[in-house]
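Just below is one structure, and these are the notes that go with it.
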Amino acid sequence: MAIWAQTPHRLSNSNPNLSLRSSLLLALAVSICLAGGTLFLVPFHSARNAASTFSFSSANISTDRYFLNLRFPHRRVLAVKTDPLRVRIDLIRKQAADHAGLASAYASYARKLKLENSKQLRLFAEISRNFSLLISDHRHLLEALSPIDEPSLRRFERDVKDRIRAARTLITDAKESFDNQLKIQKLKDTIFAVNEQLTKAKKQGAFSSLIAAKSIPKSLHCLAMRLMEERISHSDRYGDPESPPPALENPRLYHYAIFSDNVLAASVVLNSAVKNAKDPSKHVFHVVTDRMNLGAMQVMFKLKDYAGAHIEVRAFEDYKFLNSSYVPVLRQLESANLQRFYFENKLENATKDTTNMKFRNPKYLSMLNHLRFYLPEMYPKLHRILFLDDDVVVQKDVTALWKIDMDGKVNGAVETCFGSFHRYAQYMNFSHPLIKQKFDPKACGWAYGMNFFDLDAWRKEKCTEQYHYWQNLNENRTLWKLGTLPPGLITFYSTTKPLDKSWHVLGLGYNPSISMDEIQNAAVVHFNGNMKPWLDIGMNQFRPLWTKYVDYDNEFIRLCNFGA
């Protein structure tokens, strides 16, 4: 193509007709240039001379391709297209690469669905490798500058089609299986998420239940405060006698030990035992509390006669032999490590171990909990004594216990094992060599709550010394979790006499499925567990067994809004 090396203003100064023709020629030249013509620079005067002798007719324009010295090469449509074999081989390569990627994706998904050993995974991985090898083997055809021979191209196309056909067949066969695996995986993910929520809810529930169980209800706090107020206001009425009554040390009477800081619960135990005793005047109750609740206990048990039963109320601080030089628990309480374990106020301490969360409760180091191991020293003139927890109710006369032949055993208790439950292995760390050496993990456990002790046999077997030995060894909690049942099981390992199960029915504080027949036949029912009957979370079907022995005629109980 040619264009004029001439400025526009010179065109405008020329002959008008010539100027018009020149403009048209310029437009035509630009159009041809945009269409792909060849560019030539020619002098303007040559174009002007040619224009003056050229007639613009449609026939000339269409037939003369060399007018005005402008060369317009003739171009066909096929001349602008690339090599058809190259287009064909690029298409084949793209199909091979697409199906190789698809097979690789299915193989990767199969791994995600944990199908590493499945036949489908191996087949998908093999097809993906075959596609890659095929493309690699025909790389000489895929290079842009390399010549392409049609036979090689056809072989390449045939091999690719065979592999594509195999891949599509495998994908069709695997689709249903993969859909099922996807559903299974989604279900597993859902189950996992629900389990996570359940675990979190259990932790929160256990912590909330622990708070509800161990917190002091307002009415119970009110009762203790009002009784203490009465004790301070009328100290002359509730003072201790100058000399203890002889009945307190008379071994011929029926003696009970009740250790509690809950004035209402202790009164229910005593009320139930007295009301069901054939001759209450022969029963002696030794109530021991702490110094803070001593005044309230003294007032509660002097407000009525209790049908002639003998009642002693003392604080454990009054027993001078209970000091840190003699009692391991009191000495361990002075340990900074143990104080951190129990009293450090951190959220993770409350929730990280829900299974044994209750063992972090400081009550398990309370002397009121461990007094049961010092009964012979607390009552040196007695031969036998019945120990009762403050969450029990006595439903029958229990004097028949004093007639049981203990066969030289120290502890009379109801066994709680059934099947593999409540065996020693559940209470102690049998990975510790000393525990493994001394005890049978399948030995049957028993329950505290109602225990009949032969104090003479206790002294003979030196059970308190045994308790001290093991309690000292467990300062770092390596032998058992804290509490009084594991050291009790160890201390009385070979000196426990099993009692008939009707003497002591347990579980009213956590097990709603206990039969009423079993409860009615029991001499003592035990509200062990978090759902104590004096709490709002107590089980309603069992609560009347306890409330029937609450003294609602007591003015202090009425003032503190205990519901009848």
Side-chain angles (χ1 to χ4, degrees), residues 104-121 124-125 174-215 337-364 416 418-432 441 445 476-483 485-486 506-514 527-532 535-541:
S104 179
Y106 268 91
S108 175
Y109 190 64
R111 291 189 191 95
K112 182 181 178 182
L113 294 178
K114 304 187 185 303
L115 298 175
E116 288 86 356
N117 298 322
S118 72
K119 181 180 178 182
Q120 289 175 343
L121 172 59
F124 277 122
K175 225 171 191 182
E176 183 178 354
S177 174
F178 271 66
D179 289 345
N180 290 336
Q181 289 297 331
L182 178 61
K183 292 175 184 176
I184 292 171
Q185 186 64 36
K186 287 183 177 179
L187 182 59
K188 286 181 178 179
D189 293 342
T190 303
I191 292 173
F192 178 79
V194 171
N195 279 335
E196 287 290 306
Q197 294 176 356
L198 179 61
T199 301
K200 184 178 180 181
K202 281 183 176 179
K203 286 184 178 181
Q204 293 175 343
F207 188 55
S208 300
S209 177
L210 187 66
I211 292 175
K214 305 308 175 186
S215 300
N337 184 34
L338 207 61
Q339 289 180 9
R340 275 196 305 272
F341 179 80
Y342 279 109
F343 303 110
E344 195 172 47
N345 187 21
K346 288 186 176 181
L347 180 62
E348 60 266 24
N349 287 347
T351 58
K352 68 181 179 182
D353 187 8
T354 56
T355 304
N356 297 306
M357 187 191 302
K358 66 178 183 178
F359 295 115
R360 301 185 74 92
N361 194 317
K363 82 162 193 173
Y364 288 104
T416 56
F418 60 95
S420 61
F421 295 98
H422 298 288
R423 302 283 177 178
Y424 269 49
Q426 293 182 269
Y427 300 101
M428 286 168 268
N429 177 19
F430 273 87
S431 63
H432 194 286
N476 294 323
R477 303 177 303 281
T478 57
L479 304 183
W480 68 84
K481 296 293 184 182
L482 291 174
L485 182 55
L506 299 103
L508 278 71
Y510 69 89
N511 183 6
S513 62
I514 303 174
F527 291 84
N528 58 310
N530 286 339
M531 300 179 185
K532 303 298 185 187
L535 300 175
D536 291 338
I537 61 174
M539 286 186 277
N540 292 329
Q541 67 265 40

Residues Ile514 and Leu506: closest non-hydrogen pair is CD1-O, 3.1 Å
For Thr478 and Asn429 the tightest heavy-atom approach is O-ND2, 2.9 Å
Look up atom [atom1] in [X] and atom [atom2] in [Y], then write down how far apart they are to the nearest 0.5 Å.
X	Y	atom1	atom2	value
Lys532	Leu508	NZ	CG	10.5 Å
Lys481	Arg477	NZ	CZ	7.5 Å
Asn540	Met531	CG	CE	10.5 Å

Side-chain touch His422/Tyr427, heavy atoms, less than 4.5 angstrom: yes
Is Asn528 close to Tyr510 at the side-chain level, that is, under 4.5 Å between some pair of heavy atoms?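 A side-chain contact under 4.5 Å exists here.
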Could you tell me whether Asp189 atom CG has more than 12 heavy atoms of other residues or ligands within 6.0 Å of it? yes
Any donor-acceptor pair under 3.5 Å linking the side chain of Gln426 with the backbone of Arg423?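 Yes, Gln426 side chain to Arg423 backbone: donor-acceptor pair under 3.5 Å.
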